[in-house]
Peer 1: 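Would you mind keeping the following structure in view while I ask a few things?
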Amino acid sequence: MPVFAANLTMMFTELPFLDRFDAAADAGFAAVEYLFPYEVPPEAIAERLARNSLEQALFNLPPGDWAAGERGIAALPGRFDALKSDVDKALDYAAATGAKRLHLMAGLADPRDREAASCYRRSVACTAERLADEGIDLLIEPINGRNMPGYFLNDFGTAERLIAELALPNLKLQFDIYHRQILHGDVAMALRHLMPVTGHIQIASVPSRHEPDGEELNYHYLFEEIDRLGYGGFVGCEYNPRGQTLDGLGWFKPFRRS
Ligand SMILES: O=C(O)C(=O)[C@@H](O)CO
Ligand SMILES: [Mg+2]
């Protein structure tokens with residue numbers, strides 16, 4: 001049975017951020033993820049995790065100036081020094097929360113731009129090597145251009161090739177099924193093919209990005225497939241609830257922590 005992580009950036013937004021940990025645990029989740037923890041002290045998050053016996057599945061390294069439109073800096077030439085201090089900051093949060101995987105966002109850049117490609121490769125390699133010292137996996141995630149226009153890493157093949165070429169054991173794929181379906185389709189075959197390099201999975205219905213309970217994808221089948229493939233990681237619920245978060249958790253009943 002997959003172990004689901006509530007995404008606290010998108011779920012339980014009826015509540016202040018720290019209270020979402022309590023709500024996720026009460027709803028039966030054993031783990032949580034979110035995009036960015038950096039507005040809150042690491043000790044406050046650690047306290048909520050411990051209080052609720054929750055595992056911290058994942059979060060993102062700092063993304064640059066999000067409010068100004070940045071979506072990561074790994075592929076942006078000239079930002080390498082900033083990336084190094086971002087990594088230190090993320091590692092402080094990982095140490096406090098026990099997170100064993102971090103997602104590095106690429107940024108907005110033309111994937112055909114050679115300077116951006118070479119900068120991205122260097123950023124990914126250096127970050128993965130730094131995280132390896134702490135026993136942490138680095139994840140890269142292809143994101144579709146409808147949700148994030150101009151995002152550099154917009155192709156699963158590119159991610160797969162980079163992971164193979166760098167051959168760093170802690171560099172893995174963040175397989176977001178929502179993005180996969182929009183970018184390429186063929187989700188089940190891609191899960192089979194990419195499972196050896198997959199370090200984290202995320203889900204949402206397509207096309208609405210709501211609860212994984214209908215529309216274009218058969219999640220009942222995909223959850224069984226994820227189990228059949230022996231996946232031992234977390235499945236992040238990275239979706240926008242249609243209404244109140246609890247009202248949309250019917251799909252989750254069979255998977256609740258008892
Ligand atoms: O957008 C997604 O999908 C993510 O997983 C985020 O971490 C990046 O915005
Ligand atoms: Mg995602």
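Both counts, for ligands and for their atoms, begin at 1 and track the order of listing. All values below come from the heavy atoms of this structure, side chains included, with hydrogens, waters and symmetry mates left out.
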Peer 1: Distances under 2.8 Å only: what protein N/O/S atoms are near the Mg ion (ligand 2), ordered by chain and residue?
Peer 2: Glu141 OE2, Asp176 OD2, Gln202 OE1, Glu238 OE1
Peer 1: Could you tell me which atoms of ligand 1, counted from 1 in the order shown, lie closer than 4.0 angstrom to a heavy atom of Gln202?
Peer 2: 5 (O)
Peer 1: Could you tell me if any non-hydrogen atom of Gln174 lies under 4.0 Å from any atom of ligand 1?
Peer 2: yes
Peer 1: Check the side chains of Glu215 and His210 for a donor-acceptor pair under 3.5 angstrom, ignoring hydrogens and angles.
Peer 2: no
Peer 1: So do Tyr231 and Ile201 actually touch side chain to side chain, heavy atoms under 4.5 Å?
Peer 2: yes
Peer 1: If you have a sec, work out which protein heavy atom is nearest atom 4 (C) of ligand 1 and how many Å separate them, to one decimal?
Peer 2: Glu238 OE2, 2.8 Å
Peer 1: Give the atoms of ligand 1, by number and element, whose distance to some non-hydrogen atom of Met148 is under 4.0 Å.
Peer 2: 9 (O)
Peer 1: Count the heavy atoms belonging to other residues, nucleotides or ligands that lie under 6.0 Å from CZ of Arg209, then report whether that count exceeds 12.
Peer 2: yes
Peer 1: Using the ring of each side chain (for Trp, its six-membered ring), is Phe29 parallel, tilted or perpendicular to Phe252, with breaks at 30° and 60°?
Peer 2: parallel
Peer 1: Between Ser123 and Leu83, is any pair of side-chain heavy atoms under 4.5 Å apart?
Peer 2: yes
Peer 1: Side chain, backbone, both or neither: which part of Arg71 has a heavy atom under 4.0 Å from ligand 1?
Peer 2: neither
Peer 1: Quick one: which ligand 1 atoms are inside 4.0 Å of a heavy atom on Asn60?
Peer 2: 6 (C), 7 (O), 8 (C)
Peer 1: Ligand 1 versus Leu35, non-hydrogen atoms closer than 4.0 Å: side chain, backbone, both, neither?
Peer 2: side chain
Peer 1: Donor-acceptor pair, His184 side chain versus Asp155 backbone, under 3.5 Å?
Peer 2: no
Peer 1: Out of curiosity, is Glu33 lining ligand 1, as in a heavy atom under 4.0 Å away?
Peer 2: no
Peer 1: Check ligand 1 against Met105 and write out every atom of the ligand that is under 4.0 Å from a heavy-atom position of the residue.
Peer 2: 8 (C), 9 (O)
Peer 1: Measure up the Phe21 and Phe17 rings against each other and bin them: parallel (under 30°), tilted (30 to 60°), perpendicular (over 60°).
Peer 2: perpendicular
Peer 1: Does Asp22 pair with Arg51 as a salt bridge, N-O distance under 4.0 Å?
Peer 2: yes
Peer 1: Number the atoms of ligand 1 from 1 as they appear, then name those within less than 4.0 Å of a heavy atom of Glu141, with their elements.
Peer 2: 2 (C), 3 (O), 4 (C), 5 (O), 6 (C), 7 (O), 8 (C)
Peer 1: Going by distance only, is there an N or O of His103 that falls short of 3.5 Å from an N or O of ligand 1?
Peer 2: yes
Peer 1: When you compare the side chain of Glu55 with that of Leu49, does any pair of heavy atoms fall below 4.5 Å?
Peer 2: no
Peer 1: Would you say NE2 of His220 has more than 12 non-hydrogen atoms from neighbouring residues, nucleotides or ligands within 6.0 angstrom?
Peer 2: no
Peer 1: At less than 4.0 angstrom from any non-hydrogen atom of His179, what atoms of ligand 1 do you find?
Peer 2: 1 (O), 2 (C), 3 (O)
Peer 1: We want to know whether Glu115 and Tyr120 form a side-chain donor-acceptor pair, criterion being a heavy-atom distance below 3.5 angstrom.
Peer 2: no
Peer 1: Without hydrogens or angle criteria, can the side chains of Ser205 and Glu211 be said to hold a donor-acceptor pair below 3.5 Å?
Peer 2: no
Peer 1: In ligand 1, which numbered atoms sit nearer than 4.0 Å to a non-hydrogen atom of Asp176?
Peer 2: 3 (O)
